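Scroll down for the structure; my scribbles are underneath it.
All values reported here derive from a predicted model rather than from experimental measurement.
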Amino acid sequence: MTDISDSLTKADEPHFTRPIPKSAGAQMRFLVKQLKSTAETARTLGISQRTVERYVKNQIKRPKPELAARLETEVRRRWQPLVRKRAREQAARTTGLVIETRARFGFTAAPGTTDDGRMRRITQHLPPEYAQRLFAAQESGATEAQLRHITAEALQEMYFKDNGARATTLLVEFTDIDYVDFAF
């Protein structure tokens with residue numbers, strides 16, 4: 001995953017009603033149950049089917065760091081899908097998102113003016129329509145560039161144009177997306 005996609009996934013976590021499994025064996029058993037076979041789990045994680053079976057039986061307890069990261073990512077992505085769906089639907093219908101980012105923002109203007117791009121840290125509430133677009137794009141497998149474009153468009157409209165009160169063109173070069181949360 002990437003910055004925006006990771007942030008959207010992490011924003012789901014406060015809504016979970018149960019903790020995510022911590023041990024490698026419990027995580028592996030969860031993935032096998034979700035993917036319905038050890039072969040599919042092995043393909044997803046890029047390991048052998050026999051290795052998956054050994055984790056399921058607790059014959060291996062500590063994965064290598066790369067596998068541990070992939071395993072945790074896959075478990076987080078699939079954990080409590082109904083809870084995640086309900087929280088996302090609420091954000092897309094009524095509450096929207098809060099996004100915190102650090103990016104280079106600038107406006108189209110003559111060189112040397114104060115409208116030249118500069119680094120800014122912005123925390124901004126995005127209305128439900130942008131939350132809905134971001135979630136739909138993420139679920140359809142959008143690239144990081146596409147998610148960044150939607151986010152930049154939302155920031156342009158809400159922060160810089162004051163929800164349409166000012167007309168301007170915004171140039172955005174994201175450095176990182178620090179935080180995305182559901183607004184309540």
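For Trp79 (side chain) and Arg18 (main-chain N/O), a donor-acceptor pair under 3.5 Å exists by modelled atom type. With hydrogens and angles ignored, the 3.5 Å screen pairs no side-chain donor or acceptor of His15 with any backbone N or O of Lys85.
Connection of Ile60 to Leu31 is established within a shared hydrophobic cluster, with ILVMFWY side chains joined at heavy-atom distances below 4.5 Å, either directly or through further cluster members. Phe30 is connected to Phe16 through a chain of hydrophobic side-chain contacts under 4.5 Å among Ile, Leu, Val, Met, Phe, Trp and Tyr, so both are in one cluster.
Classification of Glu53 and Lys57 as a salt-bridged pair fails, no side-chain N sitting under 4.0 Å from a carboxylate O. Taking a cutoff of 4.0 Å between a charged side-chain nitrogen and a carboxylate oxygen, Glu13 and Lys10 do not qualify as a salt bridge. A salt bridge links Arg43 with Glu40: at least one charged nitrogen is closer than 4.0 Å to a carboxylate oxygen.
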Output, in order, the C-alpha distance, side-chain angles, deciding distance and verdict of side chain to side chain donor-acceptor pair (under 3.5 Å) for Gln49 and Thr38.
CA-CA 6 Å; Gln49 184 175 354; Thr38 55; 2.8 Å; yes

Run the side chain to side chain contact (heavy atoms under 4.5 Å, CB included) check on Thr41 and Arg29 step by step: do they pass?
CA-CA 10 Å; Thr41 303; Arg29 285 187 289 279; over 6 Å; no

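The structure places CE of Met158 at 7.5 Å from OH of Tyr130, a figure rounded to the nearest 0.5 Å. If you take CZ on Arg133 and CG on Leu147, they are separated by 11.0 Å, rounding to the nearest 0.5 Å. Note that CD1 of Ile20 and CD of Gln80 are 8.0 Å apart. Values are rounded to the nearest 0.5 Å. The NE2 atom of His149 sits 9.0 Å away from atom CD of Gln156, with the distance rounded to the nearest 0.5 Å. Here Leu97 contributes atom CG and Thr151 contributes atom OG1; the two are 9.0 Å apart, rounded to the nearest 0.5 Å. The line from CZ of Arg88 to CG of Leu134 is 9.5 Å long, rounded to the nearest 0.5 Å.
Taking both residues in full, the closest heavy atoms of Arg78 and Pro81 are given as O-CD, 3.5 Å, listed atom of the first, atom of the second, then distance. Pairing each heavy atom of Ala91 with each of Ala131, the nearest pair is O-CB, 3.8 Å. Looking at every heavy atom in both residues, Gln27 comes nearest to Lys22 through NE2-O, 3.8 Å. Summarising the geometry of Ala24 relative to Lys61, their closest heavy-atom pair is CB-O, 3.6 Å, with the distance given to 0.1 Å. Nearest heavy atoms, Gly25 versus Asn58: CA-OD1, 3.6 Å.
Counting only heavy atoms from C-beta outward, the side chains of Leu67 and Tyr55 approach each other to under 4.5 Å. Considering only heavy atoms from C-beta on, Met28 comes within 4.5 Å of Leu45 through its side chain. Residues Thr44 and Leu35 form a side-chain contact, since some pair of their non-hydrogen atoms from C-beta on lies under 4.5 Å apart. Looking at Phe135 and Glu89, their side chains never come closer than 4.5 Å, going by heavy atoms from C-beta outward.
Within a 6.0 Å radius of CZ in Arg50, more than 12 heavy atoms belonging to other residues, nucleotides or ligands are found.
Under the salt bridge (charged side-chain N to carboxylate O under 4.0 Å, His left out) rule, Glu74 has a single partner from Arg76, Arg77, Arg70, which is Arg77.
A side-chain donor-acceptor contact under 3.5 Å links Ser5 and Gln138.
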